[in-house]
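Following this message is one structure expressed as structure tokens.
Each chain gets a letter, A, B and so on, in the order the sequences are listed, and its residues count up from 1.
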Amino acid sequence: MSSDLRPPTSDLSSQYDHAAAQSKWYPIWQEKGYFHAEADDPRPPFTIVIPPPNVTGALHLGHALNNTLQDILCRMKRMQGFNVLWMPGTDHAGIATQAVVERRLLEEEGKSRHDLGREGLVERIWQWKEQYEKRIIGQLKQLGCSCDWDRKRFTLDDQCARAVRETFFKLFSDRKIYRGKRLVNWDTFLQTAVSDDEVFHDPVKGHFWHFKYPVIDPQKGEPKHVTIATTRPETMLGDTAVAVHPDPARQLDKVEAELKEKLAAAPAKEKDEIQAQIEALGDRRQSILPQLIQLRKMAARGVQLELPLTGRTIPLIADIWAKPELGSGCVKITPAHDENDYQVWQRNIDIGAINILNPDGTLNENAPEKYQGLTMKKGRTAVVADMEAADLLVEIEDREIDLAHSDRSKTPIEPYLADQWFVKMDELAQTAMDAVTDGQVKILPERYTKTYLDWLSEKRDWPVGRQLWWGHRIPVWLCKTQIKPDYSKNLADPQVVDPNVSLSLASETISEVKKQLSEFLRAQGIQASEYEVSLHDHSYLHICTMSDACDSALLELKRYQNGEATPQKDVRTTVQELMRSLGPIEREDDVLDTWFSSALWPHSTLGWPEETAELKKFYPTSTLITSRDIITLWVARMVLTGVYNMGEVPFSEVYIHPKILDGYGETMSKSKGNGVDPLDVIEKFGADALRFGIAYLTTETQDVRMPVEFECPHCQTLIKQTKKNRTLTRIECDKCGKPFSTQWAESHGTDDDRALPRGAVVSERFELGRNFCNKLWNASRFALMNLEGYEAAAVDDADLLLEDRWLLSRLATVTDKVTAALNSYHYADAARALYGFAWDEFCSFYVEMVKSRFAEPKQRATAQRVIAHALDTLLRLLHPMIPFLTEEVWQLLGQVAPERGLAKPQAAAESVCVAEWPEADASHIDKTIEEQFADFQKVLGAVRELRQSQNIPPKEAITFVVTCEKATADLLMPLQPYFESMARATLEDAGVTVVSSPRTASKSLSGMAVHVDISEFFDVDAERTRLEKERDQLAKFVKSLAGKLGNENFVSRAPAEVVDAQRQKLAEAEGQVASLEAALAKLGD
RNA sequence: GGGCGAUUAGCUCAGUUGGUUAGAGCACUAGCUCGACAAGCUAGGGGUCACAAGUUCGAGUCUUGUAUCGCCCA
């Protein structure tokens, strides 16, 4: 694969060309099949399933983070010899995608989904999906992700559909799927229920209307009206009761006690306010309590109220939801349109519930005729006006209301009572909790286990139906039986949803229907195993189908019912019977919640329900890397379905990574205009820089703030993104004044805006990665330039110089550190270790020191072998983070040094992708060598510092001596050439007694002192100032140490080694002070 | 309202079980084009570790409280 390479010579550019490397290597990796995993590969498997990105839109920086982290792990594991499968794919993201396509349809063509019809719209969404899936996959490839593209899946593809159907059928057969009435968050724009998780709350300015409801036939002394207050007056049309607290006096006591407790604990500035509240409560005892007690008695008597405007009467009831401490103490109850009122209804089932809304948010036939068809907003105005006209409006207060909005359409949510499909969660949730508490699934960082367990422990049933067209259609047919069961038995209240009760009670009565149905279906060639029937609400049949053939058969039945077809003779009698006992049969229109299909992702992608070789080999997967906001929605549900379908958890570890925020600490999103397209970063800095930057900032505790800038496409000036300018469609450059368009223009701009050149959004935080890549590139160039004549051979330890041993020792340490860090998801630690080693040790010292050795024929060969080996190891360690650069250099290195290694040189792998992951050679780790080298570094640093502080021009050669112990002197003297080349300084002597020139600038180090001869550059004042400053600093340190050691408590209670260490430090520091004093004395006046 | 997390240099962040004079990158200052690298090199300035109390011989690190910010859940 090296045929198309340039020769590795010095004509390589001094800037790393990331674009070229990216476009060259990715296709080759793919052709070579490095990313493809086979089930019959005997090596141990390592599997990650990608958190499938939504096909809603292109990937943003958060995805880049998520996928980079996965890729780093996959690439390392691949090098470690695992059979790595990274399963890629995308998510159909039901509601989100349909909403995007619908919005676009409306904006661009002025059409609604109803204009297109179900098939037409779904067709459009498929087109959208194709377009964005392509873009997303392109982005992942640009990023360097080593996914097995031969196995790409989509949550709505045939394979996933099979898994979904199988799972649904299994759940249905296990009686874990039921249909119930629930108050849902109704999005009137999209006309679908949205889950709680898709709702956000926004405070808006609103009002509090106080209404009077007349009491019917009040007894003497009883009030003629009951006052209630509401923020949503139009819902009164659906009221079914007014509630008063069952024990208002005790409730007031309770509230008062709580307030007093709060008062005692409250900080001074809040005390006044709480005190005022307590007093107000006291007043209420006088003003309102007697009346509430009276109302309570009236409720017990069964008093009815007149519900104004409707001609209905509603009961006054007693319920704890009424708050005697607030407002009038009474509350209207609208069970079909308020969560709390719904709960009241559950406790007082007789009051019933009245749904006054149409799916489109207008008032329906349950409202009085004059309001029907009005929107809620218009209904509100009308109701308020009519109440006022009837003299039943008491007052209007201003009030801020926390209003629920749909995350998808951004319109207000209407609570709405609707039939919904649910998955029973009690047992399923428990299995998912057990998996984590047993330690079968480990969540990292550990604190997120709490999020997971807390959510599951609520065991709330999962509403899985969505009134959408884009998704897996629920495979159920519904119809009403015409056979009336005998309800003379004492049935549970039909309003209470309990499928088990209904089922057992009514089972006898439907056996007849079931028999007819199975006869019919058998005649159509349908097996009993292909469908499952259950009874709902005593008279509704739910037929869950497992096959398309079964659906066709039922469709045929529907056609008979509609008179569109006539049954064959042989089934005619059966069909006639069936048609007598069944009402019209309809297929469920709803589709499943997207998370239903994503929940199956780890096993559905591997072929379940087929028992595939892949499933056997790669399930359970190894690890899941995802972001914390879907721990509950996705992770928990994958565990639950994994255990349910496979009998085994889907993965053993879950790593939750941080989130990328913008410079203001806000989450990035397209809708805020502060998103960053990874491609912009890749174009400007390169994929390697992006990846390294991401790894570098992926720490365990913190989310990451990333201030972002627009880059002017005309002059490359960076313009800080602010909350204000991020939603402009065009910006004029601060510097060149020319306008450019922004990403906001794509969705909100005019054609004129979009015609302008686009300003990329980038962040200077990726400069770190770019600079690092460039540094490595140049260090590699240096090595390549000097490897001419390289011959592989075993290197004898005796031939290694101090710097070689030091480098190898450090390399071994770093190898261990990086491996351990990556294995435990400490990406930043790994990145920082590599950055520090490569830049500050390999480049700044080893490369500098080895320069002179390349000029020495005798030393050249060993130096070449060591540097080739070190570079080889470094490339392998860095490859998971910066795959393109490392591959580029790996190939170049392979041309001049095809065989590498110290003890036993071996042929290098054909690609760094498949090279072996380095193992630290423990025999190379040598603390003594590292300490000795540190002495050298200190002396070199002192010389450089003195040179600068004395303003000695860099070109001037200087001489210096070092006072130190003999052993140190023996170490330093042979390093003479390095002082020469790295500080342009000659070490003339070193030892216990050395003769220094009369005029020196000195620096004292622990156990050593460096004296630079400055006869020719002498600046007494500068030197004195510097020495004094240093002495004062040290004196302070000495004082603090002496104080510490003088403290009897410290000496007696601290561990001996700590005390000893302090003593040693003190002695050293005192020595340094003395030598500084001496140097000062030598300066004279 | 409940839970989780954060607050360290102008900015973005590290700082392992408490133990040197608290680190890095960017930005800043001064000097440097020496054949790997100006996206660079050398040196330098810059911090009361949010605030308060406590535990301890010793606190950026542990405890409690306060303030501010973020996220999740109701």
Side-chain angles (χ1 to χ4, degrees), chain A residues 10 12-16 196-197 201 265 267 269 339 402 445 447-451 454-455 458 627-632 658-659 661 663-667 685-686 689 693 696-697 699-707 720 763-786 826 828-829 831-832 835-836 839-840 843-844 847-848 850-851 940-941 943-949 951-955 981-984 1006 1033-1034 1036-1038 1040-1041 1044-1055 1057-1059 1061-1062 1064-1066 1068-1069:
Chain A
S10 56
L12 294 174
S13 157
S14 67
Q15 275 190 18
Y16 166 53
D196 290 344
D197 313 296
H201 293 262
K269 64 176 180 184
E339 177 60 35
D402 202 28
R447 71 187 120 98
Y448 291 114
T449 327
K450 191 169 158 54
T451 311
D454 284 355
W455 185 79
E458 291 179 22
S627 127
R628 82 173 94 86
D629 35 9
I630 48 177
I631 292 174
T632 53
K659 286 187 81 147
L661 311 173
Y664 301 97
E666 295 180 22
T667 47
F685 297 109
Y696 195 88
L697 51 74
T699 58
E700 192 166 322
T701 50
Q702 289 253 80
D703 285 344
V704 177
R705 277 189 189 212
M706 182 164 289
K720 200 178 162 195
S763 174
E764 62 180 22
R765 296 206 59 191
F766 294 109
E767 283 176 13
L768 171 96
R770 182 204 45 191
N771 294 354
F772 179 59
C773 288
N774 205 47
K775 186 75 181 174
L776 272 172
W777 172 247
N778 281 296
S780 306
R781 272 177 69 220
F782 169 82
L784 294 168
M785 285 173 188
N786 286 289
H826 290 97
D829 288 352
R832 282 162 214 255
Y835 184 95
W839 200 308
D840 301 333
C843 290
S844 293
V847 165
E848 288 305 325
V850 88
K851 276 178 184 169
L940 182 74
V943 174
R944 283 170 166 176
E945 188 190 326
L946 291 169
R947 182 188 255 296
Q948 294 266 351
S949 66
N951 295 317
I952 301 171
K955 279 184 181 163
S981 64
M982 295 170 81
R984 199 165 268 244
S1006 56
Q1033 261 176 6
L1034 269 168
K1036 241 165 76 186
F1037 183 44
V1038 166
S1040 91
L1041 281 177
K1044 212 179 206 181
L1045 287 163
N1047 182 342
E1048 180 53 32
N1049 271 328
F1050 173 69
V1051 178
S1052 60
R1053 301 174 96 140
E1057 64 265 27
V1058 172
V1059 178
Q1062 302 287 320
Q1064 221 171 337
K1065 259 167 219 147
L1066 178 62
E1068 225 166 65

Answer yes or no: is there a donor N or O on one side and an acceptor on the other, between the side chain of Asp703(A) and the main chain of Pro658(A), under 3.5 Å?
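No, because the side chain of Asp703(A) does not come within donor-acceptor range (under 3.5 Å) of the backbone of Pro658(A).
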Quickly work out the Asn1047(A) CG to G58(B) C1' distance and round it to whole Å.
9 Å
Atom pair distance, as rounded to whole Å: CD1 in Ile631(A) and P in C73(B)
10 Å
So does Arg781(A) get a side-chain nitrogen or oxygen closer than 4.0 Å to the phosphate oxygens (OP1/OP2) of A36(B)?
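No.
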Could you tell me the separation between the CZ atom of Arg1053(A) and the C1' atom of G19(B), rounded to a whole number of Å?
16 Å
Between C1' on A39(B) and CZ on Phe685(A), what's the gap in Å once rounded to a whole number?
10 Å
By the 4.0 Å heavy-atom rule, please label Tyr696(A) as base, sugar-phosphate, or nothing.
sugar-phosphate
Within the 4.0 Å heavy-atom criterion, would you say Cys773(A) contacts the bases, only the backbone, or no part of the nucleic acid?
nothing
Contact nearer the 5' end of RNA chain B, comparing Arg944(A) with Gln15(A):
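First, find each residue's nearest nucleotide; the 5'-ward one identifies Gln15(A).
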Is there any protein nitrogen or oxygen under 3.5 Å from a nitrogen or oxygen in nucleotides 44-49 of chain B, and what are the pairs?
residue, atom, partner, partner atom, Å
G45(B), OP1, Lys1029(A), NZ, 3.4

Criterion side-chain contact (heavy atoms from CB on, under 4.5 Å) on Val1038(A) and Leu1066(A), from CA distance to verdict
CA-CA 6 Å; Val1038(A) 166; Leu1066(A) 178 62; 3.8 Å; yes
Distance between the C1' atoms of G10(B) and G70(B), in whole angstroms?
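Here G10(B) and G70(B) have their C1' atoms 22 Å from each other.
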Nearest-nucleotide 5' precedence on RNA chain B, Glu848(A) against Asp629(A):
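Looking at RNA chain B, the more 5' nearest nucleotide goes with Glu848(A).
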Base, sugar-phosphate, or nothing for Arg832(A), non-hydrogen atoms under 4.0 angstrom?
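Here Arg832(A) touches the backbone only, sparing every base.
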Report yes if a side-chain nitrogen or oxygen of Asn771(A) is closer than 4.0 Å to either non-bridging phosphate oxygen (OP1 or OP2) of G40(B); otherwise report no.
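Yes, Asn771(A) has a side-chain N/O under 4.0 Å of OP1/OP2 on G40(B).
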Does Pro1055(A) reach a base, just sugar-phosphate, or nothing at all? Heavy atoms under 4.0 Å.
base
In whole angstrom, give the distance that lies between atom CD of Glu764(A) and atom C1' of U12(B).
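Interatomic distance, CD of Glu764(A) to C1' of U12(B): 9 Å.
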Identify whether any heavy atom of Lys955(A) sits under 4.0 Å from a base atom; if not, whether one sits that close to sugar-phosphate; answer base, sugar-phosphate or nothing.
sugar-phosphate
Atom pair distance, as rounded to whole Å: NZ in Lys1065(A) and P in U21(B):
7 Å
Classify the nucleic acid contact of Ser1040(A) as base, sugar-phosphate or nothing, counting any heavy atom under 4.0 Å across all strands shown.
sugar-phosphate
Give Leu776(A) one of three labels, base, sugar-phosphate or nothing, depending on what nucleic acid heavy atoms sit under 4.0 Å from its own.
nothing
Short side-chain N/O contact to A36(B) OP1/OP2 from Lys851(A), under 4.0 Å
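Yes, because at least one side-chain N or O of Lys851(A) sits under 4.0 Å from OP1 or OP2 of A36(B).
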If I take atom CG in residue Leu1066(A) and atom P in nucleotide U21(B), what distance separates them, rounded to the nearest angstrom?
11 Å
Full working for side-chain contact (heavy atoms from CB on, under 4.5 Å) between Tyr696(A) and Arg765(A):
CA-CA 10 Å; Tyr696(A) 195 88; Arg765(A) 296 206 59 191; 5.9 Å; no
In dot-bracket, 5' to 3', how would RNA chain B read with Watson-Crick or G-U wobble pairs under 3.5 Å, [ ] for crossing ones and | for pairs to another strand?
(((((((..((((.....[...)))).(((((.......))))).....(((((..]....)))))))))))).
Checking only heavy atoms, does the side chain of Lys450(A) share a donor-acceptor pair with the base of C4(B) at less than 3.5 Å?
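No.
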Contact class for Phe772(A) (heavy atom, under 4.0 Å): base, sugar-phosphate, or nothing?
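Answer is nothing: Phe772(A) stays at 4.0 Å or more from every strand.
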Using a 90° cut-off around 0 for syn, call C51(B) syn or anti.
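Here the answer is anti: the torsion falls beyond 90° from 0.
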Taking only side-chain N and O atoms of Thr699(A), does any of them lie within less than 4.0 angstrom of OP1 or OP2 on A14(B)?
yes
